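Here is the naming used below: chain letters follow the sequence lines, and residue numbers restart at 1 for every chain. For clarity, every value in this text was computed on a predicted model and none was experimentally measured. Side chains are part of it too, since the values below use all heavy atoms of this structure and drop only hydrogens, waters and symmetry mates.
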2 protein chains.
Amino acid sequence: MTDMTFTRIQCDSCPIRHRAVCARCDDDELALLEAIKYYRSFEPGQTIVWSGDQMDFLGSVVEGIATLNQTMEDGRTQMVGLLLPSDFVGRPGRGTAAYDTVAATKLTMCCFRRAPFEELMVRTPHIAQRLLEMTLDELDAAREWMLLLGRKTAREKIASLLVIIARRNSTGTKATPTDGAHFDLPLTREATADYLGLTLETVSRQISALKRDGVIVLEGKRGITVPDFHRLIEETGDDTDGGVLV
Amino acid sequence: MTDMTFTRIQCDSCPIRHRAVCARCDDDELALLEAIKYYRSFEPGQTIVWSGDQMDFLGSVVEGIATLNQTMEDGRTQMVGLLLPSDFVGRPGRGTAAYDTVAATKLTMCCFRRAPFEELMVRTPHIAQRLLEMTLDELDAAREWMLLLGRKTAREKIASLLVIIARRNSTGTKATPTDGAHFDLPLTREATADYLGLTLETVSRQISALKRDGVIVLEGKRGITVPDFHRLIEETGDDTDGGVLV
DNA sequence: CGAACTATTGAGTGTTCTCAATCCATGTGG
DNA sequence: CCACATGGATTGAGAACACTCAATAGTTCG
């Protein structure tokens with residue numbers, strides 16, 4: 001089940017050292033985490049935990065992308081979280097998963113067994129502080145997403161997603177990527193539809209429309225180039241000048 | 001601007017003492033909060049802070065309901081938070097409001113100036129712990145809301161909102177209210193529409209439809225009676241047995 | 001009593017969904 | 001090595017749900 005590629009990386013050289021839940025830890029604290037951590041890998045499409053299942057670990061996404069999904073009785077599903085490297089998985093104090101957690105790409109996670117981690121959290125305010133900060137950021141992202149789901153048109157939804165992906169891909173910061181930026185859409189059309197509250201057909205149609213209108217250029221199924229980034233931002237319906245868009 | 005009704009209530013006798021951000025504080029810690037707190041009141045419709053404005057205080061809703069709203073350039077608005085008594089307002093570490101915060105009803109808040117509160121937070125882990133827990137709960141609520149916005153029909157959205165209001169009103173817990181439960185919808189049709197990602201006309205039509213179908217009984221514009229609560233839950237599209245619905 | 005606001009209801013439109021066919025790339029077994 | 005199955009994506013046609021525009025009704029308040 002767990003194919004260890006990151007078998008024993010030192011936290012010092014970890015790519016998410018300064019953004020993950022451990023970001024504020026000093027060397028001593030890091031040593032404690034180092035002692036209880038282990039890595040797990042997942043293949044694209046693999047489910048990490050099912051909603052309602054026992055979840056005996058918590059952890060951080062190190063590489064790749066995971067999604068949190070909610071499903072209704074009749075099968076309608078909505079993505080409620082898009083987890084990128086450094087994002088935290090699981091909820092301290094709750095042993096049961098509230099959502100399906102699925103690897104969207106090849107995925108590596110840095111995991112901690114629940115009990116030792118929660119015990120460590122009590123004694124290490126730096127971890128709880130960082131987790132609070134990250135949770136507040138996620139709440140902001142969720143609220144931005146609510147505006148998208150409740151009020152944006154299909155075209156605006158697609159454009160918004162492309163901007164989010166492009167921003168995260170380009171520099172790791174929120175800075176505006178350069179014109180001509182190229183990236184891969186890490187989600188299938190179906191996953192994209194679940195993210196945006198659309199059907200996969202509508203996603204496909206709107207991507208085709210943006211291509212037809214010259215807003216984006218496609219390379220294969222997943223590759224996307226944005227000739228004029230400002231033009232794409234205008235398509236999102238958001239404030240064109242520095243609106244907060246996580 | 002601030003009409004003091006709760007001029008000087010002791011924290012001991014505060015109605016939200018055991019659910020708000022102060023819930024875990026011991027007597028000493030409570031005394032420190034008591035020393036820096038002050039009350040503010042707002043009238044229905046009054047805006048507490050505008051998005052982008054300086055926000056020099058944080059606090060808890062004591063009585064009444066407030067909403068967090070996001071607006072697009074062209075005027076489309078989406079509610080992204082519904083704040084009930086004990087809910088926390090503002091984000092530690094950020095001096096600028098991210099959303100419009102509006103009193104939906106007559107509202108009383110227990111406020112703390114930003115600087116002293118943030119300083120206190122550093123020295124009082126019980127406050128940060130509770131705030132983390134509350135933020136995680138809000139994130140769960142936001143994700144439930146995302147499912148509603150992205151995947152539910154107008155009728156399901158209305159039914160879901162009624163269930164949420166009824167649950168919060170009945171016992172303060174998540175328990176299922178009794179059949180025949182009566183409550184007032186604390187939002188105008190327009191605010192309801194902004195909550196649900198609908199137009200106010202659609203809200204009105206769906207409420208009429210639920211009434212016509214005998215799912216609810218209306219008393220005036222705002223009063224609602226639910227003769228068969230299970231029937232209402234079925235209309236939400238959610239799992240009928242104990243699905244988590246905040 | 002009229003103004004302002006909130007809510008209801010109607011008619012027609014339109015965006016998105018549903019159902020369905022086709023295409024393409026990849027991988028597998030005869 | 002080809003035939004075929006599989007999964008992802010695109011495109012079309014028609015239907016449905018929610019929206020827009022508009023008229024009307026009920027409440028509250030001056």
Side-chain angles (χ1 to χ4, degrees), chain A residues 43-46 67 72 74-78 102 104-105 148-162 184-213 216-224 235 237, chain B residues 43-46 72 74-78 102 104-106 148-162 184-213 216-224 235 237:
Chain A
E43 292 303 309
Q46 197 179 345
T67 66
M72 294 172 68
D74 61 5
R76 282 175 280 177
T77 75
Q78 173 67 51
V102 181
T105 63
L148 178 150
L149 290 172
R151 293 304 188 193
K152 290 191 177 181
T153 65
R155 186 180 174 102
E156 288 170 341
K157 286 178 174 181
I158 297 286
S160 299
L161 175 63
L162 295 180
D184 281 330
L185 193 59
L187 303 173
T188 65
R189 295 289 183 265
E190 187 178 17
T192 305
D194 286 344
Y195 184 109
L196 300 173
L198 297 171
T199 58
L200 68 88
E201 295 94 330
T202 298
V203 170
S204 189
R205 273 186 252 275
Q206 294 299 333
I207 289 180
S208 297
L210 286 173
K211 171 187 166 194
R212 182 173 352 101
D213 297 344
I216 58 176
V217 179
L218 301 184
E219 279 106 39
K221 304 291 185 193
R222 300 291 190 83
I224 291 177
E235 296 284 356
Chain B
E43 293 303 310
Q46 195 179 346
M72 295 172 67
D74 61 6
R76 282 176 280 177
T77 74
Q78 174 65 52
V102 181
T105 64
K106 215 163 169 349
L148 178 150
L149 290 173
R151 293 304 187 193
K152 289 191 177 180
T153 64
R155 187 179 173 102
E156 288 169 341
K157 286 177 173 182
I158 297 287
S160 300
L161 175 63
L162 294 180
D184 281 330
L185 192 60
L187 303 173
T188 64
R189 295 290 183 265
E190 187 178 17
T192 304
D194 286 344
Y195 184 110
L196 301 173
L198 298 170
T199 58
L200 68 89
E201 294 95 328
T202 298
V203 170
S204 189
R205 271 186 254 274
Q206 294 298 333
I207 289 179
S208 297
L210 287 173
K211 171 188 167 193
R212 184 172 354 112
D213 297 343
I216 58 176
V217 179
L218 302 184
E219 279 106 37
K221 302 293 184 190
R222 299 291 189 84
I224 291 178
E235 295 284 356

Identify, with sequence neighbours excluded, every residue that meets side chain to side chain contact (heavy atoms under 4.5 Å, CB included) alongside A:Lys211.
A:Ile216, A:Leu218
To the nearest Å, give me how far apart [atom1] ([X]) and [atom2] ([N]) are.
X        : N      : atom1 : atom2 : answer
B:Arg212 : C:dT8  : CZ    : P     : 12 Å
B:Glu43  : D:dT28 : CD    : C1'   : 16 Å
A:Leu218 : C:dC24 : CG    : C1'   : 15 Å
B:Leu149 : D:dA18 : CG    : C1'   : 15 Å
A:Glu156 : C:dT15 : CD    : P     : 12 Å

Would you name the heavy atoms of B:Ala104 and B:Leu187 that are closest together and state the gap between them?
CB-CD2, 4.0 Å
On a heavy-atom basis, the closest approach of A:Ser160 and A:Leu148 is CB-CD1, 3.6 Å
Just verifying a value: how many Å separate [X] [atom1] and [Y] [atom2], rounded to the nearest 0.5 Å?
X        : Y        : atom1 : atom2 : answer
A:Leu149 : A:Leu198 : CG    : CG    : 8.5 Å
B:Thr192 : B:Ile158 : OG1   : CD1   : 6.5 Å
B:Arg222 : B:Leu185 : CZ    : CG    : 6.5 Å
A:Leu196 : A:Lys157 : CG    : NZ    : 6.5 Å
A:Thr188 : A:Leu200 : OG1   : CG    : 8.0 Å

Quick one: what's the B/S/- string for nucleotides 16-21 of chain C, heavy-atom cutoff under 4.0 Å, read 5' to 3'?
SSBBB-
Sequence neighbours excluded and cut-off under 3.5 Å, please list the side-chain donor-acceptor pairs for residues 201-208 of chain B, or say none.
from, atom 1, to, atom 2, distance (Å)
B:Thr202, OG1, B:Thr199, OG1, 3.0
B:Ser208, OG, B:Ser204, O, 3.0

Who pairs with [X] by salt bridge (Lys or Arg N to Asp or Glu O under 4.0 Å), at least two apart in sequence or on another chain?
X        : answer
B:Arg76  : A:Glu156, B:Asp74
A:Arg151 : B:Asp194
A:Asp213 : A:Arg155

What are the atom names and distances for every N/O pair under 3.5 Å that joins the protein to nucleotides 5-7 of chain D?
none

When you look at A:Glu219 and A:Val217, which way does the side chain to side chain contact (heavy atoms under 4.5 Å, CB included) test go after all the steps?
CA-CA 7 Å; A:Glu219 279 106 39; A:Val217 179; 3.7 Å; yes
Scan nucleotides 4-7 of chain C against the protein and return all N/O pairs shorter than 3.5 Å with their distances rounded to 0.1 Å.
from, atom 1, to, atom 2, distance (Å)
C:dA7, OP1, B:Arg222, NE, 3.4
C:dA7, OP2, B:Arg189, N, 2.8

To the nearest 10 degrees, the angle between the two end axes of the helix from C:dC1-D:dG30 to C:dG30-D:dC1 (five pairs per end) comes to 20°
